[in-house]
Asker: 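Submitted below is the structure of interest, expressed as structure tokens.
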Amino acid sequence: MHLKRGITLHSELVDIAEQLYINNGTIKPGTASGLYYHPGSVVPKKKWRHLENAEKKVLIAPGQFSDFRRSIYIGEVPAPLRKSLMSLGLHNCKEIDQVIPEIKKKEREVKTLSRKLDVFLRPFSSTGSYKFHRITRAMPNRETITCHFIDDRFIYIGLHIDQSRSFTPYTAANSGNRISINMGSETRYLAFVNLTMIQAVNMIKKRSGLSYTKIDADHIAELFFKYCPDYPVVKAGIKPYQYYIAPTDNFFHDATTLGNSEIDVTTVYTGIFDMPY
């Protein structure tokens, strides 16, 4: 199946196309990794290639970032802020459990950095509606990284929507978006399907014959990947101290660290980021 026009990607990085890859769909996660996945979860197929010119025209939007509800923006933090982020030394942590103690040891630096991050983020939001969400930590060499700790076990969920608030597939676009800054030492990847939830609903209905009332936010991912396993997944490389802004309630996604050897660390803010230029 070919890419459809949907979620668009914006960036001022001159080599952004070199950071983009595409495959030919999704599969159920294998068991060789020893990880536990929630039933119905899927991961991207592992055969990736760079986008062809026609695919770039569909995905990469020229001009300014417009509708934040259906747009991804990839940028790079300015050099002074990068220097401050690096001063925390989180990119040097070799174990996940080292990250939070390292932050606690540098309370004064963290407070100063929080003010600098606010100065950096303020022009991105016309409403000023955003807040610190968390610092995420993930293992390297994972097909997908999002998981929940249930019954003494980490359960991975594969490609998903965040559901940061209660919504239906028809109101998911109203949930706002988030910014995620890579503070690790290696490139991490945002893997995603470039379709909004309304587009996903329409594709499910066309292929399955299900009524719209049977497709809700809790089951839309499982239904989409059941009936549309051949829809391509895109992955965008986010290099150290680059960031993405994305409406993660309104499209299927997850980060992947497959092939990496160092732990993954990111800083995440949520809210409304509608002015990244």
Side-chain angles (χ1 to χ4, degrees), residues 7-14 16 19 61 63-91 93 99-100 102-104 106-138 145-146 161-165 167 172-190 192 236-251 253-255 264-277:
I7 299 282
T8 54
L9 188 143
H10 304 248
S11 181
E12 292 182 304
L13 301 174
V14 294
I16 187 61
Q19 296 178 212
Q64 292 193 349
F65 182 96
S66 52
D67 187 351
F68 74 92
R69 297 167 299 181
R70 49 189 298 133
S71 301
I72 299 168
Y73 182 81
I74 297 176
E76 191 167 51
V77 299
L81 180 57
R82 174 177 179 147
K83 184 176 180 180
S84 296
L85 290 167
M86 291 184 71
S87 70
L88 292 183
L90 302 186
H91 58 287
C93 293
V99 174
I100 299 304
E102 192 68 24
I103 292 171
K104 290 181 177 179
K106 299 179 178 178
E107 184 177 351
R108 181 180 299 178
E109 291 92 334
V110 169
K111 288 182 179 179
T112 300
L113 178 57
S114 294
R115 292 192 291 269
K116 291 181 178 180
L117 280 166
D118 184 59
V119 171
F120 169 64
L121 295 172
R122 206 176 301 151
F124 290 1
S125 177
S126 64
T127 63
S129 301
Y130 61 84
K131 61 182 180 180
F132 173 75
H133 180 52
R134 61 178 176 171
I135 290 180
T136 67
R137 303 159 293 157
I145 69 169
T146 303
I161 51 174
D162 281 348
Q163 291 188 264
S164 60
R165 55 183 288 184
F167 58 80
N174 300 326
S175 291
N177 55 359
R178 67 178 55 202
I179 182 169
S180 176
I181 303 172
N182 182 3
M183 293 177 62
S185 60
E186 295 181 288
T187 298
R188 69 197 305 267
Y189 290 87
L190 173 66
F192 63 94
I238 312 297
K239 298 179 181 180
Y241 304 99
Q242 291 184 349
Y243 61 89
Y244 71 77
I245 300 174
T248 52
D249 285 357
N250 197 34
F251 73 130
H253 70 281
D254 204 344
D264 181 62
V265 184
T266 59
T267 295
V268 181
Y269 283 74
T270 58
I272 298 178
F273 299 103
D274 55 349
M275 299 175 65
Y277 284 86

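All heavy atoms count here, side chains included; hydrogens, waters and symmetry mates do not. It should be emphasised that the depicted structure is a prediction, and the values quoted were computed from it without experimental measurement.
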Asker: Hey, does Asn182 have a side-chain heavy atom less than 4.5 Å from the side chain of Lys239?
Answerer: no

Asker: Do Asp118 and Tyr269 have side-chain atoms, one donor and one acceptor, less than 3.5 Å apart?
Answerer: no

Asker: Within the 4.5 Å heavy-atom criterion, are Asn250 and Ile161 side-chain neighbours or not?
Answerer: no

Asker: Let me see the working for Phe192 and Thr248 under side-chain contact (heavy atoms from CB on, under 4.5 Å), right down to the final yes or no.
Answerer: CA-CA 10 Å; Phe192 63 94; Thr248 52; over 6 Å; no

Asker: Once rounded to the nearest 0.5 Å, what's the spacing between atom OH of Tyr241 and atom OG of Ser84?
Answerer: 10.5 Å

Asker: Backbone N or O of Ser180 within a donor-acceptor pair of the Thr266 side chain at under 3.5 Å?
Answerer: no

Asker: Assess the residue pair Tyr189 and Gln19 against the criterion (side-chain contact (heavy atoms from CB on, under 4.5 Å)); give the C-alpha distance rounded to whole Å, side-chain angles, the decisive distance to 0.1 Å, and a yes or no.
Answerer: CA-CA 9 Å; Tyr189 290 87; Gln19 296 178 212; over 6 Å; no

Asker: Between CG of Leu9 and CD1 of Ile74, what distance do you get to the nearest 0.5 Å?
Answerer: 4.5 Å

Asker: I want to check something: taking the side chain as every heavy atom from C-beta on, are Ile181 and Leu117 in contact at a cut-off of under 4.5 Å?
Answerer: yes

Asker: So His253 and Asp162, do their side chains get closer than 4.5 Å, heavy atoms only?
Answerer: yes

Asker: Please check: side-chain N/O of Ser129 versus main-chain N/O of Gly271, any donor-acceptor pairing under 3.5 Å?
Answerer: no

Asker: Can you tell me how far the NZ atom of Lys131 sits from the CZ atom of Arg178, to the nearest 0.5 Å?
Answerer: 10.5 Å

Asker: May I ask you to decide if Thr146's main-chain N or O and Asp254's side chain share a donor-acceptor pair within less than 3.5 Å?
Answerer: yes

Asker: Is there side-chain contact between Pro240 and Thr187, with at least one heavy-atom pair below 4.5 Å?
Answerer: yes

Asker: Rounded at 0.5 Å granularity, tell me how far CD1 in Ile238 sits from CD in Glu76.
Answerer: 11.0 Å

Asker: Would you name the heavy atoms of Tyr73 and Ser11 that are closest together and state the gap between them?
Answerer: CE1-CA, 4.0 Å

Asker: Quick check: closest heavy atoms across Asp274 and Ser126, and the distance to 0.1 Å?
Answerer: OD2-OG, 2.6 Å

Asker: Any side-chain heavy atom of Leu81 sitting closer than 4.5 Å to one from Leu113?
Answerer: yes

Asker: Please name the pair of heavy atoms, one in His10 and one in Ser71, separated by the smallest distance, quoted to 0.1 Å.
Answerer: NE2-OG, 3.6 Å

Asker: List the steps, then state whether side-chain contact (heavy atoms from CB on, under 4.5 Å) holds for Phe251 with Arg70.
Answerer: CA-CA 8 Å; Phe251 73 130; Arg70 49 189 298 133; over 6 Å; no

Asker: Are the side chains of Leu85 and Lys116 in touch, meaning some heavy atoms are under 4.5 Å apart?
Answerer: no

Asker: List the steps and the verdict of side-chain contact (heavy atoms from CB on, under 4.5 Å) for Phe68 and Ile272.
Answerer: CA-CA 8 Å; Phe68 74 92; Ile272 298 178; 3.8 Å; yes

Asker: Could you measure the distance from the CZ atom of Arg137 to the CE atom of Met183? Nearest 0.5 Å is fine.
Answerer: 12.5 Å

Asker: Minimum heavy-atom separation for Lys106 and Ser87, please, with both atom names.
Answerer: NZ-O, 3.2 Å

Asker: Do Tyr243 and Leu121 touch side chain to side chain, with heavy atoms closer than 4.5 Å?
Answerer: no

Asker: How are the rings of Phe124 and Phe120 set relative to one another: parallel (under 30°), tilted (30 to 60°) or perpendicular (over 60°)?
Answerer: perpendicular

Asker: Quick one: closest heavy-atom pair of Arg188 and Tyr244, and the distance?
Answerer: NH1-CE2, 3.9 Å

Asker: Rounded at 0.5 Å granularity, tell me how far CG in Leu90 sits from CD1 in Ile100.
Answerer: 8.5 Å

Asker: Under 3.5 Å, is there a donor-acceptor pair between the side chain of Asn177 and the main chain of Phe273?
Answerer: yes

